[in-house]
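Here's the structure we're looking at; comments come further down.
By convention in this document, chain letters (A, B, ...) are assigned in the order of the sequence lines, proteins followed by strands, and residues within each chain are numbered from 1. As the structure is a computational prediction, the values presented were derived from the model and not from experiment.
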There are 2 protein chains.
Amino acid sequence: MKERTSTPSTQDYLKHIYELTQNGRPASTNDLARELDIKPASVTGKIQKLAKDKPALVEYQKHQGVSLTPSGKKAALEVIRHHRLLETWLVQTLGYSWDEVHAEAERLEHVISEDLERRIAAALGNPTRDPHGELIPTDGLKMPNEDTTPLSALRPNQNATIRRVSAQDENLLRHLNDLGLVPGVRLEITDFSPFDNNLTIKCGTQYFVLGSNITTKIFVEVVNSSRR
Amino acid sequence: MKERTSTPSTQDYLKHIYELTQNGRPASTNDLARELDIKPASVTGKIQKLAKDKPALVEYQKHQGVSLTPSGKKAALEVIRHHRLLETWLVQTLGYSWDEVHAEAERLEHVISEDLERRIAAALGNPTRDPHGELIPTDGLKMPNEDTTPLSALRPNQNATIRRVSAQDENLLRHLNDLGLVPGVRLEITDFSPFDNNLTIKCGTQYFVLGSNITTKIFVEVVNSSRR
DNA sequence: CCGATAATTTAGTCTTACCTAAATTATTAT
DNA sequence: ATAATAATTTAGGTAAGACTAAATTATCGG
């Protein structure tokens with residue numbers, strides 16, 4: 001999160017707790033504060049309030065971190081659905097490129113109605129992924145399953161298809177777009193350097209050497225071939 | 001304005017001052033408070049701040065009411081442009097009817113970027129009027145001129161074309177839509193009752209008797225015919 | 001196990017913007 | 001003109017939600 005013009009909303013809290021919590025463990029005050037670009041002490045205050053609201057949106061124990069209750073998770077998925085539908089809409093109907101849409105969607109996601117959400121979804125044909133390949137929670141607020149691995153986990157001779165790119169940095173996204181490393185694209189690992197964890201991949205007729213700053217953000221579906 | 005969920009933004013203040021000020025006189029604290037659905041005392045406080053900000057967005061003297069400075073007017077026209085473009089977009093691309101769009105646009109108008117504004121305008125072919133016939137301020141934030149009269153000012157034998165309907169009430173708008181009293185439609189005054197100010201109009205093959213609650217909200221362009 | 005360091009929480013302050021009630025100013029009718 | 005009424009402003013209170021600094025609790029290497 002870059003810089004803050006106003007105070008983070010409850011929805012912002014929930015969204016970031018959802019993301020930070022994807023690893024299975026509760027989110028720390030510090031990490032949340034970094035994401036929201038406010039001070040850890042302020043997070044503690046807000047979290048304590050969210051935890052004792054009724055219905056409680058988060059579960060919280062001192063020094064143990066925060067996680068979402070079922071209603072908190074619903075609210076988080078709602079915002080994420082908004083965000084991803086909006087990004088898809090901006091790209092498909094107004095000619096935005098995938099690196100330009102994040103900030104705009106970030107502001108719109110909080111104010112669109114359920115009615116508008118559904119109309120946008122319908123107009124787009126109820127898409128299941130946004131322009132980055134991220135899954136869009138369903139109307140019923142279920143997050144679809146997905147079986148992907150970070151590109152960084154692959155080794156020479158493995159083949160894979162890019163499913164999603166989890167990044168918001170505009171420059172990085174533009175760069176990947178220029179290289180053609182976008183969802184749907186097929187690639188093969190041709191080399192791995194244990195020293196710096198660089199991967200060399202072959203993509204169409206081109207070869208790229210990618211550092212872990214990139215390979216940890218590209219998630220692929222492994223194609224079980226050339227395994228005999 | 002119906003009910004308030006959050007605190008009115010500066011943009012809300014400016015937009016309503018703009019509207020209330022269209023009659024040439026400054027807006028009163030009371031009227032503003034009613035529009036914003038907060039108490040007059042709260043308006044005074046906020047107004048005093050806006051007046052001494054730099055650059056000042058409003059001009060203000062105790063007990064004399066508020067008006068917009070040039071920069072305040074620019075900011076107001078910006079929001080109004082957003083609002084009207086959004087309403088047009090909702091109607092034209094997502095199948096909303098003109099009575100459904102107000103509340104949604106009211107929330108979106110504050111968060112869209114100039115970039116998105118221009119893309120929406122371009123995608124719609126840079127429209128000059130919104131679905132209610134209201135003029136959309138230009139990209140350069142000039143409000144186009146218009147020469148219309150309220151329907152209530154017409155008298156029998158006059159002919160006119162509906163240009164805009166200045167109302168947000170959903171029921172009223174739906175009603176007018178059902179009757180076919182929408183921008184572009186031609187009508188003729190056939191009767192006037194000085195007692196209750198009701199007008200009878202002929203519109204196509206139908207006759208309607210309209211009270212002043214309606215006739216003051218429909219603005220028309222008078223056709224100089226049948227005047228001999 | 002224990003001290004050093006890092007992470008987190010508490011306590012207290014500040015700002016914003018609402019509210020109500022009281023005081024003031026303006027307007028209107030007699 | 002003046003009393004009654006309406007409109008507006010002031011004063012003081014409250015609630016959020018940020019901040020800093022100090023206190024507390026956890027974690028980790030030796």
Side-chain angles (χ1 to χ4, degrees), chain A residues 1-17 20-21 23-68 72 75 79 106-107 110-111, chain B residues 1-17 20-21 23 25-54 56-68 72 75 79 107 110:
Chain A
M1 185 146 286
K2 283 298 144 53
E3 48 182 283
R4 177 140 296 292
T5 67
S6 70
T7 196
S9 65
T10 295
Q11 291 187 338
D12 286 323
Y13 275 86
L14 297 177
K15 190 173 61 160
H16 283 108
I17 294 168
L20 290 170
T21 262
N23 60 12
R25 276 166 306 134
S28 79
T29 307
N30 250 356
D31 290 350
L32 244 185
R34 183 164 353 88
E35 292 289 315
L36 296 170
D37 196 34
I38 59 176
K39 295 291 183 281
S42 307
V43 169
T44 302
K46 177 72 171 182
I47 287 304
Q48 289 178 338
K49 207 154 302 164
L50 291 179
K52 74 160 126 56
D53 275 0
K54 294 190 315 185
L57 296 173
V58 305
E59 187 137 7
Y60 171 66
Q61 311 222 81
K62 286 185 191 184
H63 301 100
Q64 304 308 304
V66 223
S67 54
L68 297 175
V79 188
E106 192 101 312
R107 279 174 289 114
H110 303 297
V111 302
Chain B
M1 185 147 284
K2 284 300 142 53
E3 47 184 282
R4 176 141 298 292
T5 65
S6 72
T7 195
S9 65
T10 295
Q11 291 187 336
D12 286 324
Y13 276 84
L14 297 178
K15 190 174 59 160
H16 284 107
I17 294 169
L20 291 171
T21 263
N23 60 11
R25 277 167 303 135
S28 79
T29 307
N30 249 356
D31 289 351
L32 244 184
R34 181 162 357 87
E35 292 289 315
L36 296 170
D37 196 35
I38 59 177
K39 294 292 182 280
S42 307
V43 170
T44 302
K46 178 71 170 183
I47 287 304
Q48 291 176 337
K49 208 156 300 165
L50 291 180
K52 73 161 132 49
D53 275 0
K54 295 190 316 184
L57 296 173
V58 306
E59 188 137 5
Y60 172 65
Q61 309 224 80
K62 285 186 189 179
H63 302 98
Q64 303 308 306
V66 223
S67 53
L68 297 174
V79 188
R107 280 174 287 111
H110 303 297

With the sugar-phosphate defined as primed atoms, P, OP1 and OP2, and the base as all remaining atoms, what B/S/- string results for nucleotides 11-28 of chain D, 5' to 3', for protein heavy atoms under 4.0 Å? ------SSBBB---S---

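The side-chain hydrogen bond (donor to acceptor under 3.5 Å, both in side chains) check on A/S9 picks up A/D12, with sequence neighbours excluded. B/R25 meets the side-chain contact (heavy atoms from CB on, under 4.5 Å) test with B/N23; sequence neighbours excluded.
Rounded to 10 degrees, the angle separating the terminal helix axes of the helix from C/dC1-D/dG30 to C/dT30-D/dA1, each built from five base pairs, is 10°.
Here C/dT25 presents its C1' atom at 15 Å from CD of B/Q61, a figure rounded to the nearest Å. Rounded to a whole Å, the CD1 atom of B/I47 is 16 Å from the P atom of C/dT16. Between A/R34 atom CZ and C/dA7 atom C1' the separation is 12 Å, expressed in whole Å. Here C/dT8 presents its C1' atom at 13 Å from CG of A/L32, a figure rounded to the nearest Å.
Remark: A/Y60 is in phosphate contact with C/dT9, judged by side-chain N or O atoms under 4.0 Å from OP1 or OP2. An OP1 or OP2 oxygen of D/dA6 is reached within less than 4.0 angstrom by no side-chain nitrogen or oxygen of B/N30. The phosphate of D/dT10 (OP1 or OP2) has no side-chain N or O of B/T44 nearer than 4.0 angstrom.
Rounding to the nearest 0.5 angstrom, the gap separating the CG atom in A/L36 from the OG1 atom in A/T7 is 9.5 Å. Between the CG atom in A/L14 and the CG atom in A/L68 there is a gap of 6.0 Å [rounded to 0.5 Å]. The structure places CG of B/N30 at 11.0 Å from NZ of B/K39, a figure rounded to the nearest 0.5 Å.
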Using a 3.5 Å cut-off and no angle test, enumerate the donor-acceptor pairs between side-chain atoms of residues 52-59 of chain A and protein atoms at least two apart in sequence or in another chain.
none

Output a table of donor-acceptor pairs, distance under 3.5 Å, between side-chain atoms of residues 40-51 of chain B and any protein atom two or more places apart or on a different chain; print 'none' if there are none.
{"from": "B/T44", "atom 1": "OG1", "to": "B/P40", "atom 2": "O", "distance (Å)": "3.4"}
{"from": "B/K46", "atom 1": "NZ", "to": "B/T10", "atom 2": "OG1", "distance (Å)": "3.1"}

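Closest approach of B/L20 and B/A27 over heavy atoms only: CB-CB, 3.7 Å.
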